[in-house]
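The first residue of the sequence shown is numbered 1, and numbering continues consecutively from there. Indexing begins at 1, ligand by ligand and atom by atom, following the structure's order. Side chains included, hydrogens not; waters and symmetry mates left out as well; all remaining heavy atoms used.
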Amino acid sequence: MAFKNLLTEKKESVLVVTINRPDKLNALNDETLTELKSLFESLQNDKSINVVIITGAGQKAFVAGADIYELNKLNNISGKKFAEKGQAVFGLIENLNKPVIAAVNGFALGGGCELALSCHIRIASDNARFGQPEVNLGIIPGYGGTQRLARLINSGRAAEMILTGDMINAEEALSYGLVNRVYPAEELLKGALEIANKIASKGQIAVSMALKAINIVNELPLNDGLKLESDLFAECCGSEDFKEGTSAFLEKRKPDFKGR
Ligand code: COA
């Protein structure tokens, strides 16, 4: 699949997706969102990919937000469609049946921070900056930021970021739990690939079931979540990978998972 604003590079079963509009700090215009939609729809059934990494082109930005040239034209009717489209695309990423790692290599502002929030794992370079600066433009986050940020960090910290529009640096993001790890900029992609390859070497049915269970945490009461967990656990127990993983342990050898 060829894209205008996305670069894709397959490294064995890991797909590295680079948002590629460096002259606009990788701002998400409508065309880029549409391309992300096509890509993530196709990835759902792509058995050759186990893990996806998203990063931004250049040294300066992951994604500096929604495209402000396009934002400037919105009204109260088109604004609703704009937010719904971004939310739907980010929902595809969050609900993908394989893990998505955000490798945040610079500014992750507005829609860029929201894109990272829709990924399952976030890591950052030491020059990364996170922010929801929409109030500076007279709007609020519309691609899930008010909801996902408040759930991921805490509502007080999310409120401060969203109401002041101030950016936080990588170390602050680490202390907030917004990212898992911080790397020197030149080592970020290597770090992302290490995590991705480790996940890709596991039984992929188990990885996918674990994601499903973790993703539902904010939607279900504990007892319903536990019921789902036991259903998904049982499904794993019916897989060839489960027999292979347990047999390999008992036979003191490396498992050879087939994703079945
Ligand atoms: N939408 C469209 N274009 C954007 C953009 C965005 N969100 N963010 C940056 N750009 C463009 C700039 O207009 C500029 O383009 P130009 O060279 O054609 O004028 C180019 O990217 C470089 O940005 P610039 O502002 O010159 O870089 P900087 O280093 O001085 O500042 C930022 C970097 C990230 C602080 C600044 O670009 C910024 O505040 N961007 C907007 C962030 C934002 O509000 N995002 C949320 C949108 S909802």
Q: Give a yes/no on ligand 1: does Asp23 have at least one heavy atom closer than 4.0 angstrom to it?
A: yes
Q: Less than 4.0 Å between atom 34 (C) of ligand 1 and some protein heavy atom, yes or no?
A: yes
Q: Quick test: of every protein heavy atom, which one is nearest to atom 31 (O) of ligand 1, and how far off is it to 0.1 Å?
A: Leu25 CD1, 4.6 Å
Q: Atom NZ of residue position Lys85 - does it have more than 12 heavy atoms of other residues, nucleotides or ligands inside 6.0 Å?
A: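 Enclosed.
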Q: Residue-level breakdown please: for Leu71 versus ligand 1, do any non-hydrogen atoms fall below 4.0 Å on the side chain, on the backbone, on both, or on neither?
A: side chain
Q: Less than 4.0 angstrom from a charged side-chain N to a carboxylate O is my criterion; do Glu194 and Lys198 meet it?
A: no
Q: Tell me which pairs pass ring-ring contact (aromatic ring centres under 6.0 Å, His included) where either residue lies in residues 149-168, with sequence neighbours left out.
A: none
Q: Output the list of atoms in ligand 1 that are nearer than 4.0 Å to some heavy atom of Leu109, sorted by atom number.
A: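 Reading through ligand 1 atom by atom, the close ones are 34 (C), 42 (C).
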Q: Any ion pair linking Asp46 and Lys98 (charged N to carboxylate O, less than 4.0 Å)?
A: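 Salt bridge between Lys98 and Asp46, a charged N being under 4.0 Å from a carboxylate O: no.
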Q: Can you tell me the protein heavy atom closest to atom 40 (N) of ligand 1 and the distance?
A: Ala64 O, 4.5 Å
Q: For atom 15 (O) of ligand 1, state whether the nearest protein heavy atom is under 4.0 Å away.
A: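 For atom 15 (O) of ligand 1 the answer is yes, since some protein heavy atom falls inside 4.0 Å.
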Q: List ligand 1 atoms under 4.0 Å from Lys60, heavy atoms only on the residue side.
A: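 Close to Lys60: 27 (O), 28 (P), 29 (O).
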Q: Please report whether atom 2 (C) of ligand 1 has a protein non-hydrogen atom at a separation of less than 4.0 Å.
A: yes
Q: Are Lys254 and Asp256 close enough for a salt bridge, meaning some N to O gap below 4.0 Å?
A: no
Q: Which of the numbered atoms in ligand 1 are under 4.0 angstrom from any heavy atom belonging to Pro133?
A: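 Checking each atom against Pro133, I get 43 (C), 44 (O), 45 (N), 46 (C).
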Q: Other residues, nucleotides and ligands only: do more than 12 of their heavy atoms fall within 6.0 Å of CD on Gln87?
A: yes
Q: Gly111 to ligand 1: N or O pair under 3.5 Å?
A: no
Q: Under the 4.0 Å line, does any protein heavy atom show up next to atom 8 (N) of ligand 1?
A: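 Under the 4.0 Å cut-off, atom 8 (N) of ligand 1 does have protein heavy-atom neighbours.
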Q: Within a distance of under 4.0 Å, is there any protein heavy atom near atom 25 (O) of ligand 1?
A: no
Q: Please state which protein non-hydrogen atom is closest to atom 18 (O) of ligand 1 and give its distance, to 0.1 Å?
A: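 Nearest protein contact, heavy atoms only, for atom 18 (O) of ligand 1 is Lys24 NZ, 2.5 Å.
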Q: Less than 4.0 Å between a side-chain N and a carboxylate O, is that true for Lys258 and Glu244?
A: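 So Glu244 does not pair with Lys258 through a salt bridge.
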Q: For atom 37 (O) of ligand 1, is some protein heavy-atom partner under 4.0 Å away?
A: yes
Q: Do Asn20 and Thr18 pair up side chain to side chain, a donor and an acceptor below 3.5 Å, judged on atom types alone?
A: no
Q: Hey, is atom 43 (C) of ligand 1 touched by any protein heavy atom at less than 4.0 Å?
A: yes
Q: Checking Phe62 now: which residues fulfil ring pair (Phe, Tyr, Trp, His ring centres under 6.0 Å) with it, not counting sequence neighbours?
A: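 Partners of Phe62 under the ring pair (Phe, Tyr, Trp, His ring centres under 6.0 Å) test: none.
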Q: Please say whether Leu137 places an N or O atom under 3.5 Å from an N or O atom belonging to ligand 1.
A: no
Q: I need the atoms of ligand 1 closer than 4.0 Å to a non-hydrogen atom of Phe107, numbered in the order shown.
A: 33 (C), 34 (C)
Q: For atom 41 (C) of ligand 1, what's the nearest protein heavy atom and its distance?
A: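 Atom 41 (C) of ligand 1 sits closest to the protein heavy atom Ile68 CD1, 3.7 Å.
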Q: Should Val52 and Ile101 be regarded as members of a common hydrophobic cluster, given that ILVMFWY residues are connected when their side-chain heavy atoms come within less than 4.5 Å of each other, either directly or indirectly?
A: no
Q: Against Gln132, only a single residue in Ile162, Thr146, Asp166 fulfils side-chain contact (heavy atoms from CB on, under 4.5 Å); can you say which?
A: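 Exactly one candidate clears the test, Ile162.
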Q: Go through ligand 1 atom by atom and flag the ones less than 4.0 Å from a non-hydrogen atom of Tyr69.
A: 2 (C), 3 (N), 13 (O)
Q: Answer with yes or no whether the side chains of Glu94 and Asn215 bring together a donor and an acceptor at under 3.5 Å.
A: no
